[in-house]
**Q** 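Please see the structure below; I have some questions.
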Amino acid sequence: MELKFDPENPVFFHIINQDQANKALDDLEKEKVIGLDVEGTSLDPYDSTLLTVQIGTPEKSYIFDARQLNLREIPRFKEFLENNKIIKILHNGKFDYKHIKQCLGISISNIYDTMLTEAILNAGVGRSFYSLKDLALKYAGIELKKSVRESFEHMTASTRLNESQLRYSAVDTLILFPIFKEQLKKLDKEGLVDIAKLEFATTRVVGDMELKGVYINVKKWKQIINDLSIRRDEFAKKFQQEIRPFFKSNTIDLFGNIGDSININSQVQLMDLFNNKMNLNLPSTSDRVLESCDNSVVKLLREYRVYEKLFSAFGENLLSKINKKTNRIHPEFNQLGTATGRFSCNNPNFQQIPKQSEVAPFRSCFNPEPGYKLVTTDYSTFEMRIMAELSGDNGLISAFQKGIDVHSHTAALMFGLEFTDDFAEKYPKERFAAKSINFGLMYGRGPISLARQLGISPEKGKEYLEKYFKSYPGVRDYLDRVAKEAVKRGWSTTPAGRKRWYVKPDKTDPEYSKKIGEIERQAKNHPIQGTNADAIKYALVFLSEKIKEKNFDASIILTVHDEVVCEVREDQAEEWAKVQSEELQRAGRLFIKKVPVESKPFIGDVWEH
């Protein structure tokens, strides 16, 4: 590819005063597309000193020195970056968006993100994160030298930028143009332009969401993990007491207490206990294996692990993530964390926070600021409704149109039972079986997996699936069709056009059938889960627009799967709750036409649903 700049000797201008800034903006305001990047001293926008904002054209880069210029006081600079008619190419744009908003009070508009684009173009066969170095090599054949990046972290208010730092900053904007040009061709070819636009619009919302963060009641959180540790230790003690007879001698500590017979967390020692001493003949100590073993020692181990897992996942480590300046936790949301397009979350992972329960009431620690409320909404049985829509199955569609409990309706059809309003109380086992199939099919589950969950034989699991498909023949036809199409084409798609690719095995591969089965399983799930992802992202964008349009004192603070949590001023909570519910339904109706979309709001002082 022929480049319009010299990577070794790029053309750049170091902007350090108002006159230079005005001249630079005179040139830049003529451009329809610009490259944008920032350099700061920290990854955390609340702890970072913004050093530079570099803005490039295909031939040259303007490096605005954020310490020598008060960019907040240059209205043209803000107007330029917020001009919706100019495309801003960024790499990992959420990072730059957050730094510029926090440090300069500017909300970048009309973002094109090269990192997100690459993930969109490689969903299923690539990664969710690509470095600029990766893309520079792939699209322009340039090996970027990223070692200079570390030098920015040690800069102070008085440290001057050197020539190598300026060159580095310039190239980071110039290299965006050849990447943009080639990616755009691919997006157009694959029909992914609209999906890319959705992701770019969502980037701004996610940036704002991460900047806002979430308040955690530390005192209450510590009390919960203390209670968990007590319960965990109780089960560990009972476990040691139960296994003591299997050991000829036991250790005694300095105070005369009997020590543990084995390390309860040691896979090797547990396998020795279960198989050599207790003769249980277990292939592993995984919970999938242990749940089918009716033994008091095994049950104690499983109880212990419940509390140990909760304690390990949600202990003091999560509290260490609280930002000292904001007193809130600012998790990182990865827009394309899965191949289906769903979010993932880390540092910490709030998607792991369990539903509110007596054992682990962690959600009660998520509170609003004084004078505010939390408004929580999610979609009711959304993926089931998506499956009804995509499959066109008349029975499933009819159940949703009537507004009845779809799992009870399914169980009544499967087992030849009379459907009544109190069906769930009369036939809980049958309803649970139907519910397991309803949700399991969306993840491509087969009879063996179903049988394991329900505690029945694989033959019985197969029988249940056959009964299900007789009740909803359209679902079987749809799932079979999308599975076969994915194998044939090498990709699957959502109605919005989000694609997922598959690596087709060679027919000589000894695991050919297994790998084809895996493709079919993923292809059944992708259109459903991917549509869920598409809808929730549209909802986030709609909600963000409503906040600005109606001037609500509200912030989106969390999204988990098909759930959205906002923090809103108390006197606006009732009005906002209606808006939040309506906008989720509006987003859902972009894809679901044959059945109603439901989303009820909950207003409170804790995160609950």
Side-chain angles (χ1 to χ4, degrees), residues 228-229 231-248 250 260-315 338 349 351-355 357 359-360 428-465 468 510-511 513-522 524-525:
L228 286 174
S229 69
R231 294 288 288 147
R232 176 197 62 182
D233 294 346
E234 286 174 354
F235 281 109
K237 187 176 180 180
K238 288 178 182 177
F239 174 84
Q240 297 293 346
Q241 289 171 345
E242 283 274 328
I243 66 172
R244 212 156 270 148
F246 295 100
F247 296 85
K248 291 180 181 178
N250 291 286
D260 293 343
S261 298
I262 67 169
N263 178 356
I264 195 172
N265 297 313
S266 168
Q267 165 87 356
V268 173
Q269 292 181 39
L270 286 171
M271 288 294 285
D272 177 61
L273 168 69
F274 291 146
N275 294 336
N276 297 332
K277 292 182 169 58
M278 298 177 65
N279 299 315
L280 295 177
N281 194 29
L282 299 177
S284 77
T285 66
S286 70
D287 196 62
R288 182 181 292 178
V289 170
L290 298 183
E291 69 179 343
S292 60
C293 182
D294 185 16
N295 180 280
S296 60
V297 173
V298 170
K299 288 177 181 177
L300 284 170
L301 175 62
R302 292 187 71 215
E303 289 281 8
Y304 162 82
R305 283 181 170 178
V306 167
Y307 290 96
E308 169 60 18
K309 184 178 179 181
L310 287 168
F311 182 81
S312 299
F314 309 115
T338 70
N349 183 0
Q351 292 185 349
Q352 286 185 329
I353 303 292
K355 293 284 187 183
S357 68
V359 172
K429 282 181 66 178
E430 287 80 2
R431 183 184 182 278
F432 179 71
K435 183 177 180 180
S436 299
I437 297 174
N438 273 332
F439 286 119
L441 285 175
M442 292 182 287
Y443 292 89
R445 292 177 66 185
I448 295 175
S449 176
L450 176 67
R452 190 183 296 120
Q453 183 183 7
L454 298 178
I456 57 179
S457 67
E459 291 75 24
K460 200 71 175 174
K462 188 175 182 181
E463 180 187 325
Y464 278 9
L465 278 178
Y468 180 92
E511 293 194 314
S513 295
K514 180 182 177 182
K515 289 179 179 178
I516 290 294
E518 183 66 10
I519 291 173
E520 291 178 340
R521 184 190 69 77
Q522 291 170 341
K524 291 173 184 178
N525 171 248

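For this chain, numbers begin at 1 and follow the sequence in order.
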**Q** Does some side-chain heavy atom of Tyr464 sit less than 4.5 Å from a side-chain heavy atom of Leu454?
**A** yes

**Q** Are a donor atom and an acceptor atom from the side chains of Arg431 and Ser436 found within less than 3.5 Å of each other?
**A** no

**Q** Going by the rule side-chain hydrogen bond (donor to acceptor under 3.5 Å, both in side chains), which residues pair with Ser449 if we only count those two or more places apart in sequence or in a different chain?
**A** Arg445

**Q** List the residues meeting side chain to side chain contact (heavy atoms under 4.5 Å, CB included) with Asn525, not counting sequence neighbours, and say none if there are none.
**A** Thr340, Tyr443, Gln529

**Q** What residues, two or more places apart in sequence or in another chain, satisfy side chain to side chain contact (heavy atoms under 4.5 Å, CB included) together with Glu511?
**A** Asp509, Lys514, Lys515

**Q** List in chain and number order the residues that pass side-chain hydrogen bond (donor to acceptor under 3.5 Å, both in side chains) with Tyr307, two or more places apart in sequence or in another chain; answer none if no residue qualifies.
**A** none

**Q** Check this for me: does any side-chain nitrogen of one of Lys237 and Glu234 sit under 4.0 Å from a carboxylate oxygen of the other?
**A** no

**Q** So, taking the atom named OG1 in Thr285 and the one named CG in Leu301, what distance separates them when rounded to the nearest 0.5 Å?
**A** 7.0 Å

**Q** Tell me every residue that passes side chain to side chain contact (heavy atoms under 4.5 Å, CB included) with Glu242, counting only those two or more places apart in sequence or in another chain.
**A** Ser296, Val297, Leu300

**Q** Please enumerate all residues that pass side-chain hydrogen bond (donor to acceptor under 3.5 Å, both in side chains) together with Asn276, with sequence neighbours excluded.
**A** Asp272

**Q** Please enumerate all residues that pass salt bridge (charged side-chain N to carboxylate O under 4.0 Å, His left out) together with Arg521, with sequence neighbours excluded.
**A** Glu518

**Q** According to side chain to side chain contact (heavy atoms under 4.5 Å, CB included), who are the partners of Asn263, at least two apart in sequence or on a separate chain?
**A** Asn265, Ser266, Gln269

**Q** Go through the structure and list residues passing salt bridge (charged side-chain N to carboxylate O under 4.0 Å, His left out) with Lys299, not counting sequence neighbours.
**A** Asp294

**Q** Not counting sequence neighbours, which residues clear side-chain hydrogen bond (donor to acceptor under 3.5 Å, both in side chains) with Ser284? List them please.
**A** Ser286

**Q** With sequence neighbours left out, which residue pairs that include part of residues 260-280 fulfil the ring-ring contact (aromatic ring centres under 6.0 Å, His included) condition?
**A** none

**Q** Test of understanding: with salt bridge (charged side-chain N to carboxylate O under 4.0 Å, His left out), list the residues that count as partners of Glu308, not counting sequence neighbours.
**A** Arg232

**Q** Does Lys429 make a cation-pi contact with Phe432, if we ask for NZ or CZ under 6.0 Å from the ring centre and within 45° of the axis?
**A** no

